[in-house]
Amino acid sequence: MEKKRVAILGSTGSIGTQALDVIDEHHDKFEVEVLTSNNNADLLIQQALKFHPNSVVITNETHYKKVEEALWEEDIKVYAGQDALAQIVEMDSIDIVLTALVGYSGLKPTIHAINAKKTIALANKETLVVAGELITKLARENNVHIYPVDSEHSAIFQCLAGEFQNKIEKIYLTASGGPFRGKKKEDLLNITKEQALKHPNWDMGAKITIDSATLMNKGLEVIEAKWLFNLKPEQIDVIVHPQSIIHSLVQFEDGSMKAQMGLPDMKHPIQYALSFPYRLPSKSPRFNFLDYPNLTFEQPDKETFKNLALAYQSLEKGGNLACILNAANEVAVEAFLNDKIKFLDIAEINQKCMESIPFIQHPTYEDYVRTNDETRVFAESLIQ
Ligand code: NDP
Ligand code: MG
C-alpha cells in the first residue's frame with residue numbers, strides 16, 4: 001500500500017483519537033496532514049506536536065492564539081473558524097479525509113472534500129442523514145469513494161467485497177439495544193443523563209451515546225445505509241444483538257447470508273476505511289468463541305424507542321424529512337445533556353418537528369441549510 005496522507009476532522013474526539021492510534025501503529029503507511037478540533041485546544045496542540053501535520057484548524061476562534069503560540073516554532077500552520085475547516089480539506093497534499101466531526105457540522109467540509117475529489121472515510125453519519133441524496137450525487141459526479149467507518153456499515157462493506165456485481169436482497173444492521181434494552185416507557189420516565197451515558201459495549205462521544213440509548217443512532221444508521229448502499233427502506237432491517245459481536249449482515253438473492261464479526265473495537269473499522277482495499281495487521285485482542293457461548297437476537301421495540309420508527313418514516317417520505325429529524329434530535333439531545341428535558345421528550349420533540357416544519361420533496365443545498373436552521377429554532381421553542 002502506498003503511503004496515504006490523511007486529514008482528520010474532529011481529531012480530538014472518540015473516533016479522531018482512535019484514528020490517531022491506528023496511524024501511530026502504522027506510521028509507515030499513513031502521514032497526518034491536517035488535524036482539527038472545536039474547543040479542545042490542549043489536546044489538539046499535543047496531537048500536533050506528536051504527529052507534525054502540515055496544518056491544524058481550531059473552529060472556536062477564541063482558542064486561536066493559544067494554539068498558534070504553541071505551534072509557530074514547529075512550522076505547523078494554524079487556522080481558526082468554520083470556514084477554515086471547510087477550506088482546509090481542499091489542500092493538494094491530502095489523499096483521504098476522515099470526517100469524525102459530530103452532527104450537522106460535518107456537512108459543509110464533506111461537500112468541500114468531495115468537490116476537491118478527496119476520498120472520504122465517513123464516520124460523521126449525520127452528513128448522509130441530512131443530505132444523503134446530494135452527497136451521493138456529488139460523490140458520483142466527482143468519482144469519489146465514500147468508505148464507511150460506522151461499524152455496522154463497515155461490516156456490510158466488508159461483506160460486499162468481491163460481491164459488488166451481485167444484488168443485495170436485504171441487509172440486517174445489528175443493534176446492541178443500548179443501556180435500556182427491554183425497558184418500557186414507564187421505566188424510562190426518570191432516566192438521568194448519567195444512566196443514559198453508560199453504554200454497555202462501546203465507549204463513544206456523548207451525542208452518539210445518547211442516540212444509542214434512544215435508538216436514534218440505529219435510525220440514523222438505517223438512513224446512512226440507504227445512501228451508502230443504494231437500498232430501499234424495506235431492504236434494511238434492524239436486529240437487536242446485545243453482545244455486539246456480529247457487526248451486521250448481508251443477505252443475497254440466493255438466500256445466502258454473510259456476516260462480519262469480531263470483538264467490538266472501533267479501531268478495526270477505522271483502520272479498514274483508511275487502508276481499503278488492503279488489510280493491515282492489528283494488535284487488538286482476538287475473539288474467543290468460548291467467551292461468547294451464546295449470541296442472541298431480538299426484535300427492536302419501536303414503540304418504546306419511537307426514534308427508530310421516525311427514521312423509517314423519514315426514509316419512506318424522503319425529501320428534507322431526515323434533515324428535520326436530525327436537526328430536532330441534535331437540539332433535543334443537547335437539551336437532555338443540559339438537564340432541560342427528560343429522556344422521553346427527545347423522541348416527542350423529534351416527532352413534533354417532523355410534523356411541523358415545511359416538507360420539501362426535492363431540496364437543494366440551500367433548502368437543507370434553511371430546514372436545519374428553522375427546525376433548530378422550532379425545537380428550541382418547544383424546550384423553553
Ligand atoms: P466526539 O464528540 O467524541 O468528537 C467530536 C469531534 O468533533 C471532536 O474533535 C470535537 O472537537 C469536534 N467537533 C464537535 N463539534 C464541532 C463543531 N461544531 N465544529 C467543528 N468541530 C466540532 O464524537 P465521536 O468521535 O463519538 O463521533 C464523531 C462522529 O462519528 C459522529 O458523527 C458519530 O455519530 C460517528 N460515530 C462515532 C462512533 C464512536 O465510536 N465514537 C461510532 C460510529 C460513528 P472538541 O474535542 O474540541 O469538542
Ligand atoms: Mg454504529
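All ligand and atom numbering here is 1-based and tracks the order in the structure.
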Atoms of ligand 1 under 4.0 Å from any heavy atom of E126, numbered from 1 in the order shown, are 31 (C), 32 (O), 34 (O)
Taking only heavy atoms of K125, which atoms of ligand 1 are found under 4.0 Å from at least one of them? 32 (O), 34 (O), 44 (C)
For T36 and ligand 1, does the shortest N/O to N/O distance drop below 3.5 Å? no
So do K184 and D301 actually touch side chain to side chain, heavy atoms under 4.5 Å? yes
With a 4.0 Å cut-off, would you call E298 and R181 a salt bridge? yes
Do we see a donor-acceptor contact under 3.5 Å between the side chains of T12 and N40? no
Ring centre gap for F276 and Y278 strictly below 6.0 Å: no
In ligand 1, which numbered atoms sit nearer than 4.0 Å to a non-hydrogen atom of V102? 7 (O), 14 (C), 15 (N)
Quick one: do the N217 and K125 side chains pair a donor with an acceptor below 3.5 Å? yes
Would a 4.5 Å heavy-atom cut-off, applied to side chains only, mark M204 and S212 as touching? yes
Residue portion contacting ligand 1 (non-hydrogen atoms closer than 4.0 Å) for I208: side chain
Note the single closest protein heavy atom to atom 3 (O) of ligand 1, along with its residue, its atom name and the distance in Å. S14 N, 2.9 Å
Is any side-chain heavy atom of Q251 less than 4.5 Å from a side-chain heavy atom of I171? no
Output yes when the distance from some N or O of ligand 1 to some N or O of Q18 is under 3.5 Å, and no in every other case. no
So if I count the atoms of ligand 1 from 1 in the order they appear, which ones are less than 4.0 Å from some heavy atom of G205? 3 (O), 26 (O), 41 (N)
Examine the side chains of E221 and H153 and answer whether a donor and an acceptor come within less than 3.5 Å of each other. no
Kindly indicate whether the side chain of T214, heavy atoms from C-beta on, has any atom under 4.5 Å from the side chain of L308. no
I'd like to check whether G13 has a polar contact with ligand 1, where a contact means an N/O of the residue lying under 3.5 Å from an N/O of the ligand. yes
Could you walk me through whether S282 and E25 pass side chain to side chain donor-acceptor pair (under 3.5 Å), step by step? CA-CA 8 Å; S282 157; E25 219 178 301; 4.8 Å; no
Does ligand 1 come near enough to L85 that some N or O of the ligand is less than 3.5 Å from an N or O of the residue? no
Could you list which atoms of ligand 1 come closer than 4.0 Å to a heavy atom of S105? 16 (C), 17 (C), 18 (N), 19 (N)
Judging by distance only, is a nitrogen or oxygen of N40 under 3.5 angstrom from one on ligand 1? yes
Regarding ligand 1, does M204 bring an N or O atom to under 3.5 Å of one of the ligand's N or O atoms? no
List the closest protein heavy-atom neighbour of atom 22 (C) of ligand 1: residue, atom name, distance to the nearest 0.1 Å. N38 CB, 3.4 Å
Answer yes or no: is there a side-chain heavy-atom contact under 4.5 Å between H268 and H247? no
Check: F287 ring centre within less than 6.0 Å of Y292 ring centre: yes
Among the N/O/S atoms of E152, select the one at the shortest distance from the Mg ion (ligand 2) and name it. OE1
What's the shortest distance from atom 45 (P) of ligand 1 to any protein heavy atom, and which residue and atom give it? T12 OG1, 3.4 Å
Using a strict 4.0 Å cut-off to heavy atoms of G10, name the atoms of ligand 1 that fall inside it. 6 (C), 7 (O), 9 (O)
Could you please compute the angle at the Mg ion (ligand 2) from OE2 of E221 to OD1 of D150, rounded to 10°? 90°
Just going by heavy-atom distances, which of V57, I58, L101 is nearest to atom 31 (C) of ligand 1? L101
At the 4.0 Å heavy-atom cut-off, does A100 count as touching ligand 1? yes
So, is the end of the K258 side chain (NZ or CZ) under 6.0 Å from the ring centre of F252 and within 45° of the ring's axis? no
For ligand 1 and Q82, I'd like to know whether there is a polar contact (N/O to N/O, distance under 3.5 Å). yes
What atoms in ligand 1 come closer than 4.0 Å to a heavy atom of A123? 30 (O), 32 (O), 35 (C), 36 (N), 44 (C)
Any heavy-atom pair between the side chains of K185 and L188 that's under 4.5 Å? no
So, is D150 polar-close to ligand 1, with some N/O to N/O distance under 3.5 Å? no
Report the nearest protein non-hydrogen atom to atom 20 (C) of ligand 1: residue, atom name, distance rounded to 0.1 Å. T59 OG1, 3.3 Å
protein heavy-atom neighbour closest to atom 47 (O) of ligand 1 works out as N39 N, 2.6 Å
Mark up the atoms of ligand 1 that fall under 4.0 Å of a heavy atom belonging to I15, in ascending order. 25 (O), 30 (O), 37 (C), 38 (C), 39 (C), 40 (O), 41 (N), 42 (C)
Look up atom OG in S55 and atom CG in L35, then write down how far apart they are to the nearest 0.5 Å. 9.5 Å
